[in-house]
Amino acid sequence: MEEINPEKEGMKEAKKYTSLSTRLPYTDAVLFSMFCKRLGTNTSERLRQLVIYDLKKPIKQTSAGINKIKYDKVHNSFSWFVLLDSGREIKVLDNLSLEFLKNFQNEIQEAIKERNDWVHQTNSDSVDIPREIIGEKKDE
């Protein structure tokens, strides 16, 4: 069978759209409609603008805080917490053995050493410096 080329035939592919909706109390719906009129738009267009705006807005992927390891004398084990800058404390892992923490510490040190070798960091107090600042090319 011969394949039809839509551009050649003058046909255009229909854009695919879908409708989104929400349920609002009647008074909120009326207020939103009036608000849209003041903005010079309609409710559908305003909802479209809000959706597009939200989709383009970056979502925060990280939070700031510090790690805390606490020793439980009763169970002779450790717990790993993260204390967020907001003051909230989150338990990451519980009932960790001393052997687990020693192994974890060794693995962290090995990963840091590998990273430092990769970026050619020989002094422990050195920091990353963009190559553009010091005039190096990427292949140097």
Side-chain angles (χ1 to χ4, degrees):
M1 271 183 93
E2 187 179 320
E3 194 172 316
I4 299 173
N5 183 343
E7 289 180 20
K8 198 174 190 181
E9 299 296 320
M11 296 183 297
K12 292 185 178 179
E13 181 180 338
K15 292 184 179 180
K16 296 178 182 176
Y17 290 96
T18 188
S19 293
L20 302 175
S21 64
T22 186
R23 293 176 55 94
L24 291 172
Y26 181 76
T27 54
D28 289 344
V30 170
L31 289 172
F32 183 67
S33 181
M34 290 169 47
F35 178 75
C36 291
K37 284 181 184 175
R38 278 184 278 166
L39 292 176
T41 188
N42 60 43
T43 56
S44 180
E45 179 59 28
R46 182 65 180 151
L47 287 172
R48 185 179 305 107
Q49 292 168 350
L50 292 170
V51 168
I52 299 296
Y53 174 78
D54 279 352
L55 291 175
K56 290 181 179 179
K57 188 171 30 173
I59 297 173
K60 184 170 70 167
Q61 298 292 330
T62 59
S63 293
I66 57 173
N67 291 292
K68 292 284 185 182
I69 303 291
K70 296 181 182 179
Y71 177 62
D72 180 354
K73 295 173 187 159
V74 174
H75 297 101
N76 190 28
S77 65
F78 298 87
S79 296
W80 176 9
F81 293 85
V82 173
L83 179 58
L84 298 177
D85 288 355
S86 65
R88 199 170 105 205
E89 186 176 74
I90 299 170
K91 185 184 291 187
V92 178
L93 288 172
D94 200 14
N95 197 26
L96 303 172
S97 68
L98 177 61
E99 293 75 23
F100 174 85
L101 287 182
K102 285 181 178 180
N103 176 261
F104 194 47
Q105 184 178 28
N106 289 337
E107 289 299 313
I108 290 170
Q109 291 303 322
E110 285 298 315
I112 290 171
K113 182 183 178 306
E114 182 181 353
R115 179 249 179 221
N116 291 346
D117 290 345
W118 176 253
V119 299
H120 305 291
Q121 180 179 357
T122 54
N123 297 325
S124 62
D125 58 348
S126 295
V127 296
D128 292 337
I129 299 173
R131 290 178 175 238
E132 295 84 23
I133 291 176
I134 56 177
E136 286 185 2
K137 295 179 183 173
K138 289 185 180 183
D139 57 350
E140 289 182 11

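We count residues from 1, following the sequence as given. Keep in mind the model is a prediction, meaning the values are calculated, not measured.
Annotation: side chain to side chain contact (heavy atoms under 4.5 Å, CB included) contacts of Asn116 (sequence neighbours excluded): Ile112, Gln121. Looking at residues two or more places apart in sequence or on another chain, you find no side chain to side chain contact (heavy atoms under 4.5 Å, CB included) involving Pro58. Under the salt bridge (Lys or Arg N to Asp or Glu O under 4.0 Å) criterion, Lys68 pairs with no residue, sequence neighbours left out. Remark: Asp72 pairs with Val74, His75, Ser77 by the side chain to side chain contact (heavy atoms under 4.5 Å, CB included) rule, at least two apart or across chains. Listed by chain and residue number, nothing satisfies the side chain to side chain donor-acceptor pair (under 3.5 Å) test with Asn123 (two or more places apart in sequence, or in another chain). Listed by chain and number, the residues in a side chain to side chain donor-acceptor pair (under 3.5 Å) with Asn67 are Trp80 (sequence neighbours excluded). Partners of Phe81 according to the ring pair (Phe, Tyr, Trp, His ring centres under 6.0 Å) rule, which considers only residues two or more places apart in sequence or in another chain, do not exist here. Scored by the side chain to side chain contact (heavy atoms under 4.5 Å, CB included) test, Ile59 finds Gln61 as partners (sequence neighbours excluded).
Heavy atoms only, all atoms of each residue included: Phe78 and Leu101 are closest at CG-CD1, 3.3 Å.
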Distance-only donor-acceptor hits, side chain of residues 48-55, under 3.5 Å, sequence neighbours excluded:
from	atom 1	to	atom 2	distance (Å)
Arg48	NH1	Glu45	OE1	2.2
Gln49	OE1	Arg46	NH1	3.3
Asp54	OD1	Lys57	NZ	3.4

Enumerate, atom names and distances included, each donor-acceptor pair closer than 3.5 Å involving a side-chain atom of residues 84-94, sequence neighbours excluded.
from	atom 1	to	atom 2	distance (Å)
Glu89	OE1	Lys70	NZ	3.3
Glu89	OE2	Lys70	NZ	2.9
Lys91	NZ	Asp94	OD2	3.4
Asp94	OD1	Ser79	OG	2.5

Going by atom type alone, with no hydrogens or angles, which donor-acceptor pairs under 3.5 Å involve a side-chain atom of residues 18-38 and a protein atom two or more places apart or on another chain?
none

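Tracing side-chain contacts under 4.5 Å through hydrophobic residues (I, L, V, M, F, W, Y), one reaches Ile108 starting from Val82; they form part of the same cluster. One hydrophobic cluster holds both Leu98 and Tyr71 under the rule that ILVMFWY side chains link at heavy-atom gaps under 4.5 Å.
Residue Val119 shares its hydrophobic cluster (ILVMFWY side chains chained together at separations under 4.5 Å) with Trp118.
Going from atom CG of Asn42 over to atom CG of Leu47 covers 9.0 Å, rounded to the nearest 0.5 Å.
Two residues are said to be in side-chain contact when any heavy atoms from C-beta on lie closer than 4.5 Å; Ile134 and Ile129 meet this criterion.
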